[in-house]
Amino acid sequence: MGSDSLSILTPSTKPTPLPSQEEDSANPSAALLSFDTDSSPSSSANSPHKPATTIVFISLLLTTCVALSAAVAFAFLFFSSPSGSPHPSSSSFESSARPLKNLHHPVVLLISSDGFRFGYQFKTPTPNIGRLIANGTEADMGLIPVFPTLTFPNHYSIVTGLYPSYHGIINNHFVDPHTGELFTMASHEPKWWLGEPLWETVVNHGFKAATYFWPGSEVNKGSWTCPEKFCKHYNGSVPFEERVDTVLHYFDLPSTEIPVFMTLYFEDPDHQGHQVGPDDPEITKAVARIDGLIGKLIEGLEKRGVFEDVTIIMVGDHGMVGTCDKKLIFLDDLAPWVEIPKDWVQSYTPLLAIRPPPGVEPADVVAKINEGLKSGKVENGQNLRVYLKEELPSRLHYAASDRIPPVIGLIEEGFKVEQKRTNRRECGGAHGYDNAIFSMRTIFIGHGPQFARGRKVPSFENVQIYNLVTSILNIQGAPNNGSLSFPTSVLLPPSP
Ligand SMILES: [Zn+2]
């Protein structure tokens, strides 16, 4: 269906952006995060009973002893856990980066689990991801994707530090307004892919990079030639285990040959999320499987004695939200105000993108659509609002490219836009909405010598990751939309 993970390379995928919904998800996340530990037996020991008899008194005393010892045992287990103290109090962190033991240069392994919505890690035991979190640094309320919250725009923002309007991949599919050419997820011509991705930066500095799938990695650009040895051409049927094994084997190379930057990509759980929505047991299974792959990776790195030396950055590209319940808006319903023919529409949902033909003023189209939507006569009309792209909220950074069509619609979380009414009943999951919507958030975990153990940092946008990686590798990055000071707020300072 609507899967736009790398596995679907057809141009038919519909990405969609979101409405101007304000962030409403502090509550769901708070619920997710409110681990309730006050069931500790010690609370019963403080009960204000007044024992009337010795027997009652003794039994209470016994209860208290049992409760206290249970509490002590609990505390012991809690604080002596090998995964380290999860306490985010800041004073206990290391004061500087840990030295490398077996590698001769920092190595960053960037892992993407497509559609890994923030909170999925609480669905099921994830001991391996949990190990990275407990001994590394985590964005405590998740990683904020760029708008539109789609696979290609986000993966390319992660590796360039640029918003889509600057790196050029403004959607999973779009039309070049000057040439009329169509970009799809299978387009590898360098003209589409602007900016300087990390693999190119790394090679520019005389190091090796290896990509096991990542949007843009097959594009020959600048010094990057997608070398056969270190650049895998996308093939979604390669088993995940094989991908992990291949990456592990890079660490068997002579030390000067080991790529200092590697990518590793998994299509799941995005794949399942589209089919069944974020709350299905299928997702739980997919998350457990990803955790198992992380375990396989950790085990392989430990066997090679480099687990503590390698920097693992685990992210997703975006989250996922359920789209059931007939939450649909039909463009044909707007006909009394303005006709929107199919060939004006470059994408429907969750990013509505319309390019009216020459001679039709985009501002008129916007005014008429919004008039219809606000009339109360269009079903679900209040859940869509269209903008001239220049008038979108500036926090979306979605205007500065000719490739972005002039009329952009933001759709409320979980709603979808279609051209006309059909009998089709669809129930699944989607993403692409406003990046302020909490369900679009994904995960960020950094584990390695320059990440403090057990540290939580505030959520940040994924355009910061480029500078983070170049800082870890100690190389000069290309100009980008991330903040130059960001790495110092997340990484440990170099050891003196
Ligand atoms: Zn997807």
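In listed order, ligands and their atoms are each counted from 1. Positions are given from 1 along the sequence. All values below were derived from every heavy atom in this structure, side-chain atoms included, with hydrogens, water molecules and symmetry-related copies excluded.
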Lys/Arg cation over aromatic F415: K327, 6.0 Å, 45° cone: yes
So, 2.8 Å as the limit: is an N/O/S atom of D114 located closer than that to the Zn ion (ligand 1)? no
H274 backbone or side-chain N/O/S under 2.8 Å from the Zn ion (ligand 1): yes
Does any donor atom in the side chain of Y166 or N481 lie under 3.5 Å from an acceptor atom in the other side chain? no
Qualifying residue, where the test is side chain to side chain donor-acceptor pair (under 3.5 Å) with K296 and the options are D291, D245, N128: D245
The Zn ion (ligand 1) to nearest N/O/S of H431 less than 2.8 Å: yes
Residues D402 and H178: side-chain donor-acceptor under 3.5 angstrom: yes
